[in-house]
There are 2 protein chains.
Amino acid sequence: MARRSDHSREELEALAINAGHQLIGEQGFSHFSARQVALRIGYTVGTLYHIFGSYDELILRINAKTLDAWYGEMAAALQKNKSDPMRFLARHYLAYSTEHYQHWLALFEHHMEKGRAVPGWYREKLARFFVLMEDALLPRVGNNRKKAGKIAKVLWAGIHGICILSHTGKLDIVGAQSAEALALSLVDHYLAGVKHA
Amino acid sequence: MARRSDHSREELEALAINAGHQLIGEQGFSHFSARQVALRIGYTVGTLYHIFGSYDELILRINAKTLDAWYGEMAAALQKNKSDPMRFLARHYLAYSTEHYQHWLALFEHHMEKGRAVPGWYREKLARFFVLMEDALLPRVGNNRKKAGKIAKVLWAGIHGICILSHTGKLDIVGAQSAEALALSLVDHYLAGVKHA
DNA sequence: ACCTGAACACCGTTCAAGT
DNA sequence: ACCTGAACACCGTTCAAGT
């Protein structure tokens, strides 16, 4: 066997990442497996390990595809947006996590194997999201980047918390506010509180 | 084989739940398995399925043990606390999630098998946490329970978001504020914003 | 009624052996 | 150099068969 050379290494990488991305969208991260990716692209699991080295790396590359697509969409929409950028970003986060639920969830369900750190190239893709909000916040805080950074973190993390608890059914156990109402309440009142401080 | 009757059904349940709880503490939820629980208590996997019916049910019972212990500790500590109850709860959440990281994480990493809903008895155990904060908030909002409920949700979810992103290394990619600083900023400014609204 | 053992259909990971 | 096939050590789930 072997040495098919039907595809170059780059083609094979793209093939696997696209198939994996599709599989997550169809079945969710919990049912995702490298073996199914291999099956779908017509290669064996061994080949995937030859290319990606590990399951973690394969997932990271698939999640990176999600992050790239999401960031592009978010940045473009933010530029066109005429209303309050903070409210816009909160709404956008909720909408994206709903419309691309499986891909969004995979970003947070995957954890590196014990001992391994998230690689720098992946961390940078995450950082861009914070920077996007940070930049939008700068005019509000007298161009104080440190202050904007802290606010961006609190708001991103807060919106994420509302989002993840809402999607996993842990927020509707008492009362019945929508995730959007909660996220907008967070944005409005937190920013108002910061202003009055 | 069979019909050992070394333990009653109740004893067996407790045995499995305790062993499972211990296993999660030792190896984390991602390496947890029903087979290891069976091995540790000296029964077979079949017996666990006979008792619990499914993997989901076993995990729910183990997570319920965590929720009960946590709630008891939190409620008792809140009563003794003399400072601001909201700041106290934020700090307590962060501290508990750090000190009992694996058990805390298991609460949020487990998802029901597709189609199955979280049972009512488990949802009630979750609801108590919201009620705890709601009650502490009531004096601040003129005993308006609906308003307190909304604030409690935003704060719990927000603190949770800061907590989960912090523990999974997704908050320290830019800048360097501690999770506690972010959580206290959220509590202080959000509440201030609500007040000024 | 209770419990086992074995089977089924899966996993991630490794690697000698072929081309 | 590239790729396979098979093996290893695991999973959750089911169930006929024993006591």
Side-chain angles (χ1 to χ4, degrees), chain A residues 1-17 19-21 23-24 26-63 102 106 109-116, chain B residues 1-17 19-20 23-24 26-63 102 106 109-116 118:
Chain A
M1 355 257 121
R3 196 163 194 69
R4 295 171 21 182
S5 294
D6 293 350
H7 306 92
S8 71
R9 188 197 169 92
E10 286 72 26
E11 286 173 329
L12 218 51
E13 283 186 17
L15 223 55
I17 291 167
H21 196 263
L23 273 169
I24 286 181
E26 289 168 19
Q27 314 177 358
F29 180 71
S30 60
H31 293 97
F32 173 87
S33 81
R35 291 184 113 103
Q36 281 194 52
V37 173
L39 188 69
R40 187 164 285 203
I41 64 175
Y43 282 79
T44 51
V45 227
T47 300
L48 289 181
Y49 275 82
H50 179 242
I51 296 176
F52 295 100
S54 70
Y55 180 81
D56 271 350
E57 183 72 16
L58 173 59
I59 300 282
L60 285 174
R61 296 289 298 277
I62 293 169
N63 279 346
Q102 300 293 4
E109 297 266 286
H110 169 251
H111 303 296
M112 300 296 289
E113 203 48 40
K114 203 154 199 166
R116 299 199 186 276
Chain B
M1 354 259 123
R3 197 166 194 66
R4 293 171 23 180
S5 293
D6 294 350
H7 306 92
S8 71
R9 187 195 170 92
E10 287 71 28
E11 286 173 330
L12 218 51
E13 282 186 19
L15 223 54
I17 291 166
L23 272 169
I24 285 181
E26 289 168 19
Q27 314 177 358
F29 180 70
S30 61
H31 293 96
F32 174 87
S33 80
R35 290 184 114 103
Q36 281 194 54
V37 172
L39 189 70
R40 187 165 284 201
I41 65 175
Y43 282 79
T44 51
V45 227
T47 300
L48 289 181
Y49 275 81
H50 178 241
I51 296 176
F52 294 100
S54 70
Y55 180 80
D56 271 350
E57 183 72 16
L58 173 59
I59 299 281
L60 285 175
R61 296 289 298 277
I62 292 170
N63 279 346
Q102 300 293 5
E109 298 267 286
H110 169 251
H111 304 296
M112 300 297 289
E113 204 47 40
K114 203 154 201 165
R116 298 198 186 277
V118 179

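Numbers restart at 1 for each chain; the letters A, B, ... are given by sequence-line order, proteins then strands.
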Can you tell me which nucleotide in D/dT4, C/dT4, D/dG12 comes closest to the side chain of B/Tyr49? D/dG12

Answer yes or no: does a side-chain N or O of B/Arg4 lie under 4.0 Å from OP1 or OP2 of C/dT4? yes

Distance from B/Leu39 atom CG to B/Ser33 atom OG, nearest 0.5 Å? 8.5 Å

If you look at every heavy atom in A/His7 and A/Glu11, which pair is closest and at what distance? CA-OE1, 3.1 Å

Out of C/dG12, C/dC11, D/dG12, whichever nucleotide has its closest atom nearest the side chain of B/Arg35: D/dG12

Whole angstrom is fine here: how far is it from CG in A/Leu39 over to C1' in D/dG5? 15 Å

Name the nucleic acid region contacted by B/Leu58, choosing base, sugar-phosphate or nothing; use a 4.0 angstrom heavy-atom cut-off, strictly under. nothing

Start at the 5' end of DNA chain C and walk down; is the nucleotide closest to A/Thr47 or to A/Phe32 reached first? A/Phe32

Tell me if a side-chain donor or acceptor on B/Arg9 pairs with a main-chain N or O of B/Ile51 at a distance below 3.5 Å. yes

Do B/Ile17 and B/Phe52 come within less than 4.5 Å of each other through their side chains, counting heavy atoms only? yes

Can you list every stem that DNA chain C is part of, counting only runs of 3 or more consecutive Watson-Crick or G-U wobble pairs with both distances under 3.5 Å? C:4-8 with D:12-16, C:12-16 with D:4-8

Whole-Å gap separating P (C/dC10) and NE2 (A/His31): 11 Å

In whole angstrom, what separates B/Leu23's CG from D/dC11's C1'? 15 Å

Under 4.0 Å: is that the gap between some side-chain N or O of A/Gln36 and OP1 or OP2 of C/dC11? yes

Which nucleotide in the list D/dG12, D/dG5, D/dA7 gets nearest to the side chain of B/Ser33? D/dG12

Less than 4.5 Å apart, side chain to side chain, heavy atoms only: is that true for A/Ile59 and A/Asp56? no

Using whole Å, report how far CG of B/Leu15 lies from P of C/dC2. 16 Å

Just how far, in rounded Å, is C1' of C/dC2 from CD of B/Glu10? 14 Å

Distance, rounded to the nearest Å, where A/Phe52 contributes CZ and C/dT14 contributes P: 16 Å

Any side-chain heavy-atom pair from A/Met112 and A/His110 closer than 4.5 angstrom? yes

Round to a whole Å and report the spacing from CD of A/Glu113 to C1' of C/dT14. 15 Å

Return the value, rounded to whole Å, for the distance between atom CD1 of B/Ile59 and atom P of D/dC11. 13 Å

Scan B/Tyr55 against the nucleic acid and name what it touches under 4.0 Å (heavy atoms): base, sugar-phosphate only, or nothing. sugar-phosphate

What's the spacing between B/Gln36 CD and B/Gln27 CD if we round to 0.5 Å? 4.5 Å

Nearest to the side chain of B/His50, heavy atoms from C-beta on, is which of C/dC2, C/dT14, D/dT13? C/dC2

From the list A/Val37, A/Asp6, A/Leu48, side chain to side chain contact (heavy atoms under 4.5 Å, CB included) partner of A/Tyr43 resolves to A/Asp6

Among D/dT13, C/dT13, D/dC3, which nucleotide has an atom closest to any side-chain atom of A/Leu12? D/dC3

